[in-house]
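See below for the structure under consideration.
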Amino acid sequence: MAATSSTTAATLTPLLIRLLRGASDLASVAATHAKLLKSGAASAVSSSNHIIAAYCRCGATACARDLFDGMPDRDVVSWTALMSGYSAAGRPRAALSLLRAMSRTRGGVPPNAFTFSTAVSACARLADAGLGRQVHARAEVEGYARDEFVATALVDMYGKAGCAEGARAVFDDMADPARNAVSWGSMLSVYAQNALGHEAVQLFAEFRTRSDGMSPNHFMLSSVVNACAGVGRLGVGKCVHGTVFRFGHECNGVIAVALVDMYSKCGFYEYSRKVFDRIEQPSVICYTSIIVAAAKYGLGRSALALFSEMIDRGVQPNSVTVLGVMNACSHSGLVDTGLHLLHSMQSKYGIGPCASHYTCAVDMLGRAGRLDEAFELANEAQVEGRDALMLWSSLLSACRIHRRLDLATRAGQRVSEFNQDVAGALVVMSNAYTSAGQTDNAAAVWSNMRQRGIRKEPGCSWIEIKDIPYVFYAGLVSPAGARAGEVMMLLDELEAKMREKGYKGKLGSTRVFDAHEEDGEEGKGVMVGVHSEILALGFGLLVIPKGMTIRVMKNLRMCCDCHDAFKLISGIVESEFVVRDLNRFHHFKMGSCSCNDYW
DNA sequence: ATAGGGTTAG
């Protein structure tokens with residue numbers, strides 16, 4: 001009897017294990033688990049490990065845990081498989097407590113490289129560099145920190161936690177044989193994710209010269225293309241597009257999306273369109289990225305046409321797609337179309353509006369000056385937490401633009417209730433007071449910010465000349481070779497000509513500001529030089545041949561004063577300017593802008 | 001049996 005049973009188990013086990021590997025649903029894993037128990041083979045540690053892994057693969061971590069808890073003996077695989085299951089199921093903290101538990105258990109199992117890379121990736125999910133550093137230290141002590149998998153996971157973890165230098169330190173510490181395609185790709189994506197495009201481009205160049213014979217794969221290429229999108233460096237982006245082509249990756253869906261996105265963020269919607277038109281079966285994400293591109297360029301009608309084309313082709317939109325279309329409406333003044341979409345998205349496409357859709361709609365009404373409706377919607381919308389903060393901040397900006405101090409105070413009140421570091425909103429509030437002549441109140445906002453130690457991200461603009469980016473900060477004409485004196489002289493001349501056309505502001509360095517977005521340093525009164533985009537434009541006018549379009553990138557939203565100034569200057573010097581700000585593109589030509597002042 | 005990288009938004 002015993003002999004029969006063990007023979008059965010021996011012949012049956014490999015078959016059942018194979019069944020487990022292929023199983024993707026809980027029912028079949030549980031059924032196979034039952035058969036293994038019946039055959040008597042389930043008691044072996046390795047069989048149990050297979051079952052744990054299978055349960056985890058279909059998300060049944062509770063079943064995996066029950067089995068794990070009942071095991072008389074566990075090895076490192078049992079622990080690691082369960083850890084990985086928790087992490088994948090979105091419970092990274094539970095995964096990390098297993099790491100602590102495994103060393104405390106009697107006859108404890110020491111972690112191996114698999115365990116550490118799993119633990120590190122759990123920290124990455126939490127985007128917690130503090131926890132990550134602790135695990136890193138333990139891996140270092142146990143001698144696993146330079147394992148290629150552990151080190152690559154560490155690069156990713158530091159990057160996701162926003163610490164690109166930490167990631168780079170690990171990467172630099174890796175021995176050359178350990179540095180493989182994945183680790184290069186991870187490092188590149190860290191730069192892309194942290195908006196360090198210049199560093200990514202530099203690292204990619206290093207890869208091309210150093211790793212002889214290794215071709216870039218689609219992971220690396222999409223990261224580099226993304227990084228180019230982030231800094232708007234068309235020159236490099238085109239170059240990488242060439243590389244994509246040479247290595248035969250132009251058909252990869254993810255890269256195509258990255259290219260569409262890159263060209264649109266560099267201000268070349270036509271190129272985006274060309275890449276998009278070559279995609280045979282565009283996915284939702286492809287459609288979404290081209291719709292978002294059209295939105296950024298204020299091409300609301302094109303966005304709507306693309307949306308209906310996609311619906312006709314049977315491609316199901318998702319929440320982001322609808323948001324993109326609404327954004328396009330918002331940037332083109334198609335307010336009622338956008339509102340209709342908000343109200344019909346649930347019934348037509350089965351997508352319930354979430355916080356971002358409400359924020360977009362409120363913003364859209366606000367831009368159009370329909371502030372009372374905007375307030376009504378903002379009060380009705382079921383939005384909480386950080387999302388609500390964004391919603392009320394955008395409404396506050398709209399109140400400031402339309403010079404409705406009464407409503408601005410109400411929105412400002414809601415914003416301040418969150419009691420968070422909302423530098424942007426506070427500056428807008430202060431500007432609203434200044435515009436209304438209430439300089440005391442404006443100054444009070446500033447001193448309150450100073451007391452609480454709130455600082456705003458400094459505004460900067462940059463311009464690419466012969467593949468070299470020149471970066472400008474407000475009030476500082478500093479980039480090497482930027483010819484500060486000449487720029488200021490040119491701006492003075494321009495200002496004089498603008499005055500003839502009725503301009504009342506000031507461009508020059510003696511300008512006393514109405515507490516602007518970028519002058520975070522000084523207190524009341526606020527004496528600052530010039531906004532960074534004006535400096536970049538001045539420099540561009542000096543060095544770029546007349547008749548060529550000047551392209552300026554900016555890390556914040558353009559303010560209305562600079563927007564007015566750019567319009568006027570485009571008429572005076574008879575040149576075209578393209579400004580990419582945080583949200584969208586502005587194409588200035590003959591005294592007006594493509595955004596028709598919707599932005 | 002357990003481990004590492006890329007896509008759409010603001």
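Convention: sequence-line order gives letters A, B, ...; per-chain numbering from 1. Worth saying up front: this structure is predicted, and the values here are computed from it rather than measured.
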Within this structure, what is the CE-to-P distance between M102(A) and dT2(B), rounded to whole angstrom? 15 Å
May I have the distance from L36(A) (atom CG) to dA1(B) (atom P), rounded to whole angstrom? 13 Å
note: N217(A), atom CG; dG4(B), atom P; distance rounded to Å ~ 16 Å
Is it true that, when you exclude R93(A) itself, more than 12 heavy atoms of the residues, nucleotides or ligands shown sit nearer than 6.0 Å to its CZ? no
Where do N or O atoms of nucleotides 6-10 of chain B meet protein N or O atoms at under 3.5 Å, pair by pair?
from    : atom 1 : to      : atom 2 : distance (Å)
dG6(B)  : OP1    : Q193(A) : NE2    : 2.8
dG6(B)  : N2     : N252(A) : OD1    : 3.2
dG6(B)  : N2     : N252(A) : ND2    : 3.4
dG10(B) : OP1    : N327(A) : ND2    : 2.5

Please tabulate, for side-chain N and O atoms in residues 198-207 of chain A, each donor-acceptor pair with protein atoms closer than 3.5 Å (sequence neighbours left out).
from    : atom 1 : to      : atom 2 : distance (Å)
H198(A) : ND1    : R233(A) : NH1    : 3.4

As a test of reading the structure: which of dG4(B), dT2(B), dG5(B) is closest to the side chain of A81(A), going by heavy atoms? dT2(B)
Touch check for A119(A), heavy atoms < 4.0 angstrom, all strands: base, sugar-phosphate only, or nothing? nothing
I'd like to know whether OH of Y269(A) has more than 12 heavy-atom contacts from other residues, nucleotides or ligands below 6.0 angstrom. yes
Starting from P on dA3(B), measure out to CZ on R125(A) and report it in whole angstrom. 11 Å
Who passes ring pair (Phe, Tyr, Trp, His ring centres under 6.0 Å) against F171(A), sequence neighbours left out? W184(A)
Determine the contact category for S186(A): base if any of its heavy atoms lies under 4.0 Å from a base atom, sugar-phosphate if only primed atoms, P, OP1 or OP2 are that close, otherwise nothing. sugar-phosphate
Answer with base, sugar-phosphate or nothing: what part of the nucleic acid does R57(A) contact at a heavy-atom distance below 4.0 Å? sugar-phosphate
Proximity of Y271(A) and H241(A) rings by center, below 6.0 Å: no
Would Y287(A) and F276(A) count as a close aromatic pair, with their ring centres under 6.0 Å? yes
Whole angstrom is fine here: how far is it from CG in N180(A) over to P in dA3(B)? 17 Å
Round to the nearest Å and state the distance from F149(A) atom CZ to dA3(B) atom P. 10 Å
Nearest whole Å is fine: how far is dA1(B) C1' from R74(A) CZ? 16 Å
Are F268(A) and Y263(A) close enough that their ring centres sit under 6.0 Å apart? no
I'd like to know if T152(A) reaches the base of dG4(B) with its side chain such that a donor and an acceptor end up less than 3.5 angstrom apart. yes
Grab the CE-C1' distance between M83(A) and dG4(B) for me, whole Å please. 14 Å
